[in-house]
Protein chains: 2
Amino acid sequence: MSLTARQQAIFDYIAETIATQGTAPTRSEIARAFGFRSPYAAECHLKALEKKGAIELLGGTSRGIRLPGAARGAPAELPLVGRVAAGSPILATEHIERHYRVDDALFRARPDYLLRVHGESMRDAGILDGDLLAVRQTPEARPGQIVVARIEDEVTVKRFAQDGPKVRLLPENPDFAPIEIDLERQDLAIEGIGVGVLRDLDPQA
Amino acid sequence: MSLTARQQAIFDYIAETIATQGTAPTRSEIARAFGFRSPYAAECHLKALEKKGAIELLGGTSRGIRLPGAARGAPAELPLVGRVAAGSPILATEHIERHYRVDDALFRARPDYLLRVHGESMRDAGILDGDLLAVRQTPEARPGQIVVARIEDEVTVKRFAQDGPKVRLLPENPDFAPIEIDLERQDLAIEGIGVGVLRDLDPQA
DNA sequence: CCGGTTGCTGTCTATATATACAGTACAGGG
DNA sequence: CCCTGTACTGTATATATAGACAGCAACCGG
């Protein structure tokens, strides 16, 4: 059952109020906004909207109007990590350029932060210079996964491969050479695994 | 001036209530949650939090507590369009698989919907099979832009090039041939331009 | 023509809520 | 030692708000 034009207008008003004021409107506020002289007109609309499943009324609570669609909770705020300075943790405040809100459901694994990828070494995996890699923070990786690794204070994104005590970090671009690491002689820290890629395309040209 | 432990706890409770209930708590609800026997205790905390700038009180309005940081508003809900059937508009309800909430600020141009890309024809532009293309709906395109085009009821993603009355849709993969269209003899509809790419990486392997 | 739905007005009431005052207790700085 | 700030209790009140009843008018399908 779809909404009437009037009901849609009232639904939109409620949604807009929640978005701009941060709180749902009262019956009186709805009435005022639409010129009703009785708050009960708003009450009737609310009941109709609830019956059609467009909204959820909490009953007994002031401003107790909920949009069921929004019940999924706000999407996670992911910090965007730019260049990581040598020797400091990847999520140090000074690396965080800003926050983006990205729907969790977009990725099968929940990401913890976004890392801006520099260079062309993962080009053939469809990860280009400037792309944002959604990263799940974990100290372990399985072969074939795209990992964020730190070798001697350098943070790099590569495909992970392991052969006993030897780890190989494979670029996806023939112009770059694989990095071989003997765990017994060199330090390697897995900062996380890539769970998604985000790219902004230039709308100009 | 930073918050005391008690004030921080109350602030956290307010933030959590807004996130889970969709509406801010009343003084009484705060008092109940913390075991205060008087709602005035909550009132005092709210005033302290407001004085320190952590919250904003609306005054005279029930549940009128706002978190200044959250004023940014909810990110847009973008419909995900799967395969588009021949002859029907791209945003027809039956094509929409689900909705994702993606931060507008992620892309320089505001997208209108997400389109699942099929095939490898744009591989060298870093757009792989299964990727989601964030599309801004517009009937016009400039050379060099990645466009969503419809030719004879087929929807395709290619790079746009124009040479007078001849339009070329260029793949980014040497295994595919460019599509040449003479606008005087063939129909071409630009459905939109690509403003971003989203990819889910398989966390398994 | 009837019965249902939409879309309101006017009036009313119980309760939810914001907000106040007076007072207690404790802690830290000057 | 006084003063200011934190952290409450207990009581109180004005107002904000949800939610109800009765009724009117217009429309629409059977």
Side-chain angles (χ1 to χ4, degrees), chain A residues 1-68 70-71, chain B residues 1-68 70-71:
Chain A
M1 196 139 96
S2 73
L3 303 182
T4 68
R6 203 65 168 148
Q7 286 167 356
Q8 185 64 54
I10 287 171
F11 178 85
D12 290 346
Y13 172 73
I14 294 168
E16 198 194 307
T17 303
I18 290 175
T20 61
Q21 306 301 311
T23 181
T26 65
R27 275 70 166 160
S28 299
E29 283 167 1
I30 297 172
R32 219 173 306 142
F34 285 86
F36 305 160
R37 301 208 199 167
S38 167
Y40 190 58
E43 176 76 25
C44 292
H45 279 301
L46 292 181
K47 276 193 191 144
L49 285 169
E50 187 184 33
K51 206 163 68 181
K52 292 185 178 177
I55 62 170
E56 193 184 337
L57 292 175
L58 296 184
T61 37
S62 64
R63 300 173 186 275
I65 305 172
R66 224 187 268 177
L67 305 184
Chain B
M1 196 138 98
S2 73
L3 305 181
T4 68
R6 204 65 169 148
Q7 286 166 356
Q8 185 65 54
I10 287 170
F11 178 85
D12 290 346
Y13 171 74
I14 294 168
E16 198 193 308
T17 303
I18 289 174
T20 62
Q21 306 302 311
T23 181
T26 65
R27 274 69 166 164
S28 298
E29 282 168 1
I30 296 171
R32 219 173 307 141
F34 285 87
F36 305 160
R37 300 205 198 173
S38 167
Y40 189 59
E43 176 76 25
C44 292
H45 279 300
L46 292 181
K47 278 193 190 144
L49 285 169
E50 188 183 34
K51 207 164 67 179
K52 292 184 178 179
I55 62 171
E56 192 184 337
L57 291 175
L58 296 184
T61 38
S62 64
R63 301 172 184 277
I65 306 173
R66 224 187 269 175
L67 306 184

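Remember, it's a predicted structure, so these values are computed and weren't measured experimentally.
Between A/R37 atom CZ and C/dG7 atom P there is a gap of 19 Å when expressed in whole angstrom units. One interatomic measurement links the two molecules: NZ of A/K51 to P of D/dG19, which rounds to 16 Å at whole-angstrom precision. Atom CZ of B/F36 is separated from atom C1' of C/dT19 by 16 Å (rounded to the nearest Å). In this structure, CD1 of B/I65 is placed 17 Å from P of D/dA16, rounded to the nearest angstrom. At whole-Å resolution of the value, CZ in A/R63 and C1' in C/dT17 are 11 Å apart. Note: CG (A/L58) to P (D/dA18) measures 10 Å, nearest angstrom. We find that NZ of B/K52 is positioned 17 Å from P of D/dT4, with the value rounded to whole Å.
Distances shorter than 4.0 Å separate none of the side-chain N or O atoms of A/S62 from OP1 or OP2 on D/dA16. The shortest distance between the side-chain N/O atoms of B/R6 and the OP1/OP2 oxygens of D/dT6 is not below 4.0 Å. The side chain of A/Q7 contributes an N or O atom lying less than 4.0 Å from OP1 or OP2 of C/dG7.
You'll find that the side chain of A/S38 is closest to C/dG10, out of D/dT6, C/dG10, D/dT9.
Rounding to the nearest 0.5 Å gives a distance of 5.5 Å between CD of A/E29 and CZ of A/R32. For the atom pair A/T23 OG1 and B/L58 CG, the distance stands at 7.5 Å (nearest 0.5 Å). Note that OG of A/S38 is 12.0 Å distant from CZ of A/R27, once rounded to the nearest 0.5 Å. To the nearest 0.5 Å, atoms OH (A/Y13) and CD1 (A/I18) are separated by 11.0 Å.
The side-chain heavy atoms of B/D12 and B/Q8, taken from C-beta on, include a pair separated by under 4.5 Å. The shortest distance between side-chain heavy atoms of B/R63 and B/T26 falls below 4.5 Å.
Relative ring orientation between A/F36 and A/H45 is described as parallel, the plane-to-plane angle staying below 30° on a 0-90° scale split at 30° and 60°.
A heavy-atom distance below 4.0 Å to DNA chain C is reached by these residues of residues 39-49 of chain A, ordered by number: A/Y40, A/A41, A/H45. Of the residues in residues 25-35 of chain B, those lying under 4.0 Å from DNA chain C by heavy-atom distance are B/T26, B/R27.
B/L49 approaches B/I10 most closely through the heavy-atom pair CD1-CG2, 3.9 Å. Between B/I65 and B/A24 the shortest heavy-atom distance is O-CB, 3.7 Å.
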